[in-house]
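Report on the structure given below.
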Amino acid sequence: MRAPALEGDLPVPEEKPGFLKGNHAGAVRTCDTTGLPVCLEAQKFIQLNAVMAVVALLIGGVVALLLGLTRWPSVHLLPSEWYYRLLTAHGFNMLIFWMIFMEIGILYFAGTTLLNSRLGSKALAWLSFGLMVTGAVTVEAMVFAGKADVLLTSYVPIKAHPAFYLGIILFAVGALVGVINFFLTIYIAKRDKTYAGSVPLVVFGAIAAAIIAVVTLLHGALVMIPTFTWSMGWTEMPDPAWYRLVWWGLGHSSQQINVAAMVSCWYLLGTLTVGAKPLNQAVCRGAFVLYILFINLASAHHLLVDPGVGAGWKIWNTSYAMYLAVLASMIHGFTVPASVEHALRKKGFNKGLFGWLFAAPWKNPGFSAFFLSLVIFGFLGGITGVTLGTQQINIIAHNTLRIPGHFHATVAGGATLCFMGLAYYVVPLIFRKEYPLKALARLQPYLFAAGIVTMAISMSFAGSYGVPRRHWDLEFTGSQFAVGFDSAAHFMMGIVGVGATLAFTGLIIFVLLTVWAVFFGKSNAGKPMESW
Amino acid sequence: MSIHFPETNWFKAPTGGERVWIGLALAWCVVLTLAMPYWHFKGKQNSTGESYRVAPADFMARTEKFVGTNKVGELKGVPVVQPAPGGDAYLVAMMWKFYPVLKLKKDQTYRLHVSSLDLQHGFSLQPMNMNFQILPGYDHVLTITPTISGEYSLICNEFCGFGHHTMASKILVED
Ligand code: HEM
Ligand SMILES: [Cu+2]
Ligand SMILES: [Cu+2]
C-alpha cells in the first residue's frame, strides 16, 4: 500500500464537528485526500486566480534576473532606461499581481472549502477577476511601452500615462470586489448554517487579511484617484508629502495582507504536512487581531526621514503601533513551530530537544517551503525590519539597498516561498494534477531560499556602505562629480548578482514544474494525491 | 487543527511556554516602545522633520541670494559657497544636479535648507551614509554639525528620472 498522502491525523468525515449541511446545490465534490468539500464554482476561480498569479510570478522573475545581473557591477547588463523600466515591472508583477491574485484564491478557498459553503456570487467572482486582469494588463502595457517609468511608488510629481493609474485603480477595485465576495461567502455560510461554532483558524486569519485588505484598498483609492485625475489634467497635483503618507497607507498595509495571508498558510501547511494543531486557539486568533488593529499606524516608518511630518509624529507612530504589530508576528513565530513540534512529538519523534526538527518531512516541498519561509521571515525579515524602523537607524538606511535587503526576506523569502509551498498542495488538490519530476520539486524550495537569503544579506551589507537602491550605476559614469564606494560594496554587489541568479533558478523551476503539472500533469482525480 | 472547527470552548488563557514567550515578547516590545523617545532625546542624530512650505521659485530665489552673498569659489562650474558659521545654508536639488557646492567649517552648526525644484530627490551623504528625503514644495531644515573634515559626496537616492544615477555633488568640510 502507498503511504497516506497527508501525514497528519486527517479527519474522516464524521470527525468534523462543525460541518452541518452544505449549501452547494450539487456543485460540490469531496476531496479524495482530505475529505473536505470543494465547491466547484470556487474551485474554478481559485484556479483562474492561481494561473494569473503564476504568470505574474514568471514575468516578475525573468525581469528580476535581469535586474540582478544589472546590479552585478562586472555584468551591468541592462541599459539604464530598461533597468528603471523593468524595476517598475518587477515591483508590480511581484508585489502586486503575484501576491494579490494568490490571496484572492486563498480567500475563495478559505471561505468555501473550510466553511462547507458555496461561493458567495459567481457574478462578483467574474467581475473581480475581469477587473483585475484588465487592470494588470493595462499596467503591464504601459510599463513595457515606456509610458510609466515611475517605479512602483510613482511618487508625484513624477508622472505616468493616465492609463497606468487607471489600470492600478481597476486592479484594486477588482481585488476589493473579490474581498467583498469572500465576506459574502461567509455571510451565506452563516445564514445557511453550513457550519456550527467558530470558524477554523485559517479562516480567521483569512478574515483578518480581508479586513486589512479593505483598509488598504481604500487608501489606494484615496491616493490613486486624485493622481489619475491630475494626470488627466483635471485637477491640481496632489501634495508630494500627502501622497507619500497616503501611498504608504496602501503600500505598507498591503504588506500586512501578505503577512496575515502568509501566516494563515503557515497554519494551513502545518496541518497538511505534519498534522499540526494550534496549541491555543485564543492566542493565535488574538495575534491576528493585533495585526488588524495596529498595522496601519506602523506605516509611518516609511516617512522617518521625510519633511512634512514632525518628530513627535514619527516617534509615536513607530513605537507603540509598530511593536504591537511586531508582537503579533513574534507570537505566530512561536505558536507555528510549537504546533509542528507538538505534532511531531506526538508521532514519537521525541529524541532530545530538536529530534522532532530532524525528523520533520524535509523532502516534502510543502513542508520545507513553509518552514524555511517561517525562519527567513522571522529572523532575517523581522530583525532587519525592526532595526530599520528605528528613527535613527533609518537615517543610515533610507533608500539604500538595506531596504530591498529587508523586504526580499519578508515578501520573497517569506510570503512568496510560503505560497510556493502552498502550490505543492493546491495543484494536486484543487487542479487534481500531480507534479512531475518530484525530486526537482523537492529541491526547489532550498534553491529559492538560498538565493533569496544570499541576495538579501548582500544587499543589506552593500546598503550599509551607502549603496542606493533603485540606482543603475555605482560608478556614477557621466556625473559631474566622481563618487566612489568602498571596494567591499562592489564585492557585495557581485554577491547580489549571484544570489539573484540562484533565486531565479529556484523560481523558474517552480514555475516550469507548476505549469507542466497544471497543463500536462497526470490527473489524480478519484484518488488521494501522491505522497510527497 | 487549523483547518477544522475548534472545540466550542476554545477560549482559554495561554499556559506554559506559550505564556512565558508572550510575556517576554510583550516586555521586549514595551522596552523598545520606550526606547524610541529615549533615543530621540538622548541620541545625537535625529530626523526632526522640521520643514516649511515653500514655492520652488521662492526657494530658488533664496538660494540664489545665499549664493550671491557667500560664494567663495567654483568647482567644475558650480559655485562653492561658504555659509556663515552657525547660519543658514541652502541647497537645491533638481534633475539632475545639486546646487551649489557647500563648504562648511568643522564643529560649526548650520541650518541646512534643502528642497527640490522638480521631482522628489534624495539627500545621501557618502561615505557618512546619512540619508534624507527632499520634496518639492517643502523647505526641509537639517540642523547639522560636521565633526570630521574632508570631502564628502552627495548623491541622489530617490529615483528622479533617467538621469538619476548621474546626480551627484560634493560637500566640503574644512578645519
Ligand atoms: C528570483 C527572485 C527575485 C530576485 C532575483 C529579485 C531581485 C530584485 C532586484 C535586483 C531588485 C532591485 C533592487 C534595486 O536595484 O533597487 C528588486 C527590487 C524589488 N523586488 Fe525583487 N527579486 C526577486 C523576487 C521578488 C519577489 C518575490 C518580490 C515580491 C513578492 C519582490 C519584490 C521587489 C520589490 C517590491 C522591489 C522594489 C522595486 C522598486 O524599488 O520599486 N522581489 N528585486
Ligand atoms: Cu535626484
Ligand atoms: Cu535621483
Side-chain angles (χ1 to χ4, degrees), chain A residues 11 16-18 80-81 84 114 151 155 157-158 195 197-198 200-202 240-241 267-268 270-271 277-283 304-311 314-315 318-320 323 326-327 330-331 334-335 391-392 395-396 398-400 466 468 470-473 476 478-481 483, chain B residues 1-8 10-15 17-18 21-22 25-26 29 32-33 36-37 39-40 43 45-51 76 78 97 118-120 122 124 126-127 129-133 135-138 140 153 155 157-162 164-170:
Chain A
K16 289 175 286 181
S80 62
E81 275 106 65
Y84 295 118
L114 299 184
L151 304 190
Y155 290 138
I158 207 166
Y195 68 95
S198 310
L201 180 60
V202 171
Y267 286 113
L268 175 62
T271 297
K277 284 194 198 30
L279 302 184
N280 183 325
Q281 293 270 354
V283 170
L304 285 180
V305 296
D306 269 31
V309 284
K314 289 174 184 177
I315 298 170
T318 47
S319 49
Y320 81 100
Y323 292 123
V326 167
L327 177 64
M330 292 190 54
I331 292 176
F334 180 91
T335 55
Q391 202 197 133
Q392 293 76 11
I395 297 176
I396 60 171
H398 178 70
N399 274 355
T400 70
R470 300 178 155 182
H471 199 279
W472 178 71
D473 189 11
F476 285 77
S479 168
Q480 213 172 356
F481 295 94
V483 179
Chain B
M1 297 250 204
S2 318
I3 59 174
H4 298 119
F5 298 89
E7 329 77 89
T8 33
W10 55 265
F11 195 89
K12 47 184 197 287
T15 50
E18 224 168 31
W21 174 254
I22 295 174
L26 185 62
C29 290
L32 279 182
T33 297
M36 279 281 184
W39 283 326
H40 184 86
Q45 292 183 5
N46 287 303
S47 167
T48 59
E50 182 183 349
S51 53
K76 305 200 177 185
V78 184
K97 53 181 190 271
D118 39 53
L119 303 181
Q120 303 196 13
S124 177
Q126 299 299 341
N129 197 15
M130 296 182 71
N131 306 279
F132 298 94
Q133 193 74 19
L135 303 185
Y138 286 83
H140 191 176
S153 292
I155 64 174
N157 70 356
E158 183 59 79
F159 176 66
C160 54
F162 287 153
H164 164 55
H165 49 268
T166 62
M167 183 162 165
S169 180
K170 291 274 176 217

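Note that this is a predicted model, so its numbers are computed, not measured. Every chain is numbered from 1 and lettered A, B, ... according to where its sequence line falls, protein lines coming before strand lines.
With a 4.5 Å cut-off on non-hydrogen atoms, B:Glu158 touches chain A through its backbone and its side chain both. Looking at A:Tyr84, only its side chain comes within 4.5 Å of chain B, counting heavy atoms on both sides. Residue B:Pro136 touches chain A through both its backbone and its side chain, counting heavy-atom pairs closer than 4.5 Å. If you measure heavy-atom distances from B:Thr166 to chain A, the contacts under 4.5 Å come from both the backbone and the side chain. Of the atoms belonging to B:Phe11, heavy atoms from both backbone and side chain fall under 4.5 Å from chain A. Looking at B:Trp21, the atoms closer than 4.5 Å to chain A (heavy atoms on both sides) all sit in the side chain, from C-beta outward. With a 4.5 angstrom heavy-atom cutoff, A:Val283 touches chain B only via side-chain atoms. Residue A:Ile395 touches chain B through both its backbone and its side chain, counting heavy-atom pairs closer than 4.5 Å.
Of the listed residues (B:Lys97, B:Met167, B:Met130), the greatest number of heavy-atom pairs within a distance under 4.5 Å of chain A belongs to B:Met130. The greatest number of non-hydrogen atom pairs below 4.5 Å with chain B, out of A:Gly197, A:Ala241, A:Ser198, A:Gly270, is found for A:Ser198. When each of B:Gln120, B:Gln45, B:Glu50 is scored by its heavy-atom pairs under 4.5 Å with chain A, the top score falls to B:Gln120. The choice from A:Ala311, A:Pro307, A:Pro157 that makes the most heavy-atom pairs within less than 4.5 Å of chain B is A:Pro307. Note: B:Leu32 leads B:Leu135, B:Thr48, B:Leu32 in heavy-atom pairs under 4.5 Å with chain A. By number of non-hydrogen pairs under 4.5 angstrom with chain A, the leading residue of B:Ala13, B:Pro127, B:Pro14 is B:Pro14. Of the listed residues (A:Gly310, A:Pro468, A:Pro240, A:Ser80), the one with the most heavy-atom contacts under 4.5 Å to chain B is A:Pro240.
Residues B:Lys170 and B:Ser153 meet the side-chain proximity criterion, which asks for heavy atoms closer than 4.5 Å. Looking only at side-chain heavy atoms (C-beta outward), A:Asn399 and A:Arg470 stay at 4.5 Å or farther from each other. For the pair B:Ile155/A:Val483, a side-chain contact is recorded, criterion being any heavy-atom separation below 4.5 Å from C-beta on. Between B:Asn157 and A:His471, every side-chain heavy-atom pair lies at or beyond the 4.5 Å cut-off.
For the atom pair B:His40 NE2 and B:Ser47 OG, the distance stands at 9.0 Å (nearest 0.5 Å). In this structure, A:Thr271 OG1 and A:Leu201 CG are separated by 8.0 Å, a value rounded to the nearest 0.5 Å.
Taking the six-membered ring where the residue is Trp, B:His164 and B:Phe159 present perpendicular rings, their angle passing 60° and hence far from 30°.
There is no side-chain donor-acceptor pair under 3.5 Å between B:His140 and B:Gln133.
Judged purely by atom type and a 3.5 angstrom limit, B:Ser51 uses its side chain to pair as donor or acceptor with the backbone of A:Gly308.
Contact between B:Lys12 and A:Leu279 at its shortest, heavy atoms only, is NZ-O, 4.3 Å.
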